[in-house]
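Notes follow once the structure below has been shown.
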Amino acid sequence: MKQFNDENFLLDTEVAQDLFHNHAAKMPIIDYHCHLIPEMVANDHKFKSITELWLGGDHYKWRAMRTNGVDEKYCTGKDTTDWEKFEKWAETVPYTFRNPLYHWTHLELKTAFGITKQLSPKTAREIFDECNEKLQQPEFSARGLMRHYNVECVCTTDDPVDDLRYHKQTRESGFEIKMIPAWRPDKAMNIEKPEFADYIKQLSAAADVDINSFKDMVDALQKRHDFFAENGCKLSDHGIEEFYDEEYTDTQIETIFAKAMGGQSLSDHEVRQFKNCFLTVMAEMDADAGWTQQFHYGAIRDNNTKMYNQLGPDTGFDSIGEFNTARAMSRFLNKLNMEDKLTRTILYTLNPCANEVIATMLGNFQGGEPGKIQFGSGWWFNDQLDGMTRQINALSVLGLLSRFVGMLTDSRSFLSYPRHEYFRRLLCNILGNDVEKGLLPNDQEVLARMVEDISYNNARRYFKFY
């Protein structure tokens with residue numbers, strides 16, 4: 001019987017162990033999509049406790065705690081102590097067997113703090129105190145943790161109205177790890193939201209452009225897009241429920257924009273027309289700037305509006321038929337491709353039923369550079385052993401796994417970098433098992449190159465951050 005979380009965790013064969021320990025483990029981390037708070041990096045934030053570091057913004061843990069019957073005050077409440085919240089998390093952990101949180105929790109304790117005990121009510125106080133004692137040391141600051149995990153570059157997620165002051169502060173401080181902004185213009189796309197008109201006023205102020213039409217809005221966004229580029233941005237991201245292919249005219253879009261700014265309700269068709277137009281314009285901007293674009297699709301957000309109003313968005317699975325989604329995706333990408341405006345693109349889905357759809361779609365638009373259109377790693381609820389395995393298998397069968405740009409954290413936490421290790425161990429194990437079964441030759445040079453490329457080299461070449 002193997003030991004839990006030992007040095008060969010998830011590594012079943014000698015080939016897998018060699019690939020991980022001698023190749024994957026040594027590669028730096030390019031975390032090209034995360035939700036770190038830039039101010040914390042700029043000011044090298046010192047964490048007051050493991051609760052702040054671990055539970056301060058982790059919706060995964062909150063979701064598990066709620067499922068375990070924990071009262072909301074212990075998840076996000078303001079009137080409970082750090083110890084009380086940590087204690088409730090420790091009570092929940094033994095119930096997370098076979099949930100990725102169990103693995104993540106113990107990988108984080110081991111790799112950051114050197115703690116190999118399992119977290120439970122029996123060990124909670126001891127682990128809480130030991131972590132808090134170590135957090136007082138300089139190397140456990142925000143920047144210290146990034147150095148500890150061999151991070152080379154992170155891309156935060158930033159709204160077009162952000163002034164990027166903390167990115168500039170970090171850059172000018174001489175911090176050796178790159179923190180690059182990523183353009184996330186969802187608020188300008190979501191015309192159906194009640195807050196849309198107020199957001200356009202913010203955009204107008206940030207860009208110093210009077211916005212009285214859709215064209216004015218595009219001018220303002222272009223100005224901010226240029227500003228982001230001047231501050232090192234090379235990557236955009238869009239959170240969409242689905243792709244859109246409704247036809248539109250410039251006149252129709254201007255009418256839809258005017259109605260929204262005037263507080264009039266829009267039909268579903270009008271909303272979809274606007275979003276199709278908006279995403280097309282954004283894609284053209286990205287292509288002109290030489291950026292990479294990302295599309296996270298399939299999340300139905302704001303399901304529990306009571307919870308959303310208090311705490312922020314949660315998510316669910318897309319119920320849209322995959323045939324219609326694939327057709328709209330194809331038309332959207334083809335339109336850009338026909339106009340030579342299809343830049344490097346990464347497609348992520350929340351619905352694993354779409355894995356083969358996306359993996360197939362990639363091949364329709366490849367060309368010009370290796371892996372130009374990417375199938376993004378398992379995202380959100382697919383960010384676990386089964387989800388990552390299914391994504392890797394679909395990409396392997398229908399594309400070129402060797403050209404994959406690999407893992408990201410998609411996290412607000414400075415302790416989430418072991419997710420890269422988790423992914424790398426899984427990747428090495430899949431390859432090692434294939435060798436063991438005779439499905440791949442035991443060509444150590446090719447296998448090592450493949451693992452190092454997926455872990456790091458492909459992302460470094462693909463995103464052109466350097």
Side-chain angles (χ1 to χ4, degrees), residues 2-3 5-33 103 107 110-111 146-154 177-178 292 344 346 359 362 366 369-378 383-409 416-466:
K2 294 184 66 174
Q3 287 293 110
N5 202 24
D6 65 6
E7 66 174 7
N8 289 324
F9 178 54
L10 300 182
L11 304 173
D12 296 332
T13 66
E14 290 184 4
V15 172
Q17 293 164 15
D18 173 71
L19 288 174
F20 177 74
H21 293 300
N22 295 321
H23 301 282
K26 70 180 183 181
M27 305 308 289
I29 288 174
I30 294 179
D31 199 25
Y32 56 87
H33 176 69
H103 287 168
L107 276 173
K110 180 180 180 180
T111 59
M146 294 170 78
R147 292 187 181 103
H148 173 74
Y149 283 113
N150 197 20
V151 178
E152 184 175 283
C153 177
V154 298
I177 298 171
K178 285 181 175 290
T292 300
R344 293 179 303 280
I346 306 178
L362 306 182
Q366 298 287 14
E369 60 183 292
K372 178 181 177 181
I373 315 298
Q374 289 274 331
F375 181 11
S377 60
D383 185 6
Q384 29 77 10
L385 290 180
D386 179 64
M388 287 190 290
T389 299
R390 292 176 68 175
Q391 188 270 351
I392 287 172
N393 286 339
L395 177 57
S396 299
V397 171
L398 297 165
L400 295 180
L401 178 63
S402 297
R403 292 299 187 179
F404 183 31
V405 293
M407 192 55 177
L408 54 122
T409 65
S416 289
Y417 297 112
R419 295 182 193 179
H420 285 263
E421 176 181 333
Y422 198 55
F423 167 83
R424 293 175 184 184
R425 285 177 178 269
L426 176 64
L427 171 68
C428 293
N429 197 53
I430 289 172
L431 295 174
N433 281 330
D434 279 356
V435 171
E436 187 76 15
K437 296 173 184 177
L439 298 176
L440 290 175
N442 190 13
D443 188 326
Q444 296 182 16
E445 181 180 353
V446 173
L447 291 167
R449 183 180 67 235
M450 183 177 182
V451 165
E452 292 181 6
D453 282 350
I454 296 171
S455 298
Y456 168 75
N457 294 326
N458 287 344
R460 183 179 174 100
R461 288 189 289 259
Y462 185 80
F463 292 107
K464 307 183 189 304
F465 291 147
Y466 306 94

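What you are looking at is a predicted structure, and each value in this text was computed from that prediction instead of being measured.
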Does the side chain to side chain contact (heavy atoms under 4.5 Å, CB included) test come out yes or no for Leu447 and Asp18, once each step is laid out?
CA-CA 10 Å; Leu447 291 167; Asp18 173 71; over 6 Å; no

Should [X] and [Y] count as side-chain neighbours, where that means a heavy-atom distance under 4.5 Å?
{"X": "Tyr422", "Y": "Asp383", "value": "no"}
{"X": "His21", "Y": "Asn8", "value": "yes"}
{"X": "Leu431", "Y": "Leu19", "value": "yes"}
{"X": "Cys153", "Y": "Phe463", "value": "no"}

Verify, without hydrogens or angle tests, whether [X] (side chain) and [Y] (backbone) share a donor-acceptor contact under 3.5 angstrom.
{"X": "Glu421", "Y": "Ala25", "answer": "no"}
{"X": "Tyr417", "Y": "Thr409", "answer": "no"}
{"X": "Lys26", "Y": "Glu452", "answer": "no"}

When you look at Asn150 and Ile29, which way does the side chain to side chain contact (heavy atoms under 4.5 Å, CB included) test go after all the steps?
CA-CA 6 Å; Asn150 197 20; Ile29 288 174; 5.7 Å; no

For residues Gln374 and Tyr462, is any side-chain donor paired with an opposing acceptor at under 3.5 Å?
no

For Glu436, is the CD atom crowded, meaning more than 12 foreign heavy atoms sit under 6.0 Å from it?
no

For Glu369, does the CD atom sit with more than 12 other heavy atoms under 6.0 Å from it, leaving out its own atoms?
yes

Is it possible for you to check whether Arg425 lies under 6.0 Å from the centre of the six-membered ring of Phe9, through NZ or CZ, and within 45° of that ring's axis?
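So Arg425 doesn't make the cation-pi contact.
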
Which side-chain N or O atoms in residues 394-403 pair as donor and acceptor under 3.5 Å with protein atoms at least two apart or in another chain?
residue: Ser396; atom: OG; partner: Ile392; partner atom: O; Å: 2.6

Between Arg461 and Asp453, is the side chain to side chain contact (heavy atoms under 4.5 Å, CB included) condition met? List the steps.
CA-CA 10 Å; Arg461 288 189 289 259; Asp453 282 350; 3.5 Å; yes

Stepwise side chain to side chain contact (heavy atoms under 4.5 Å, CB included) test for Tyr32 and Ile346:
CA-CA 11 Å; Tyr32 56 87; Ile346 306 178; 4.1 Å; yes

Between His420 and Tyr149, does the ring centre distance come in under 6.0 Å?
no

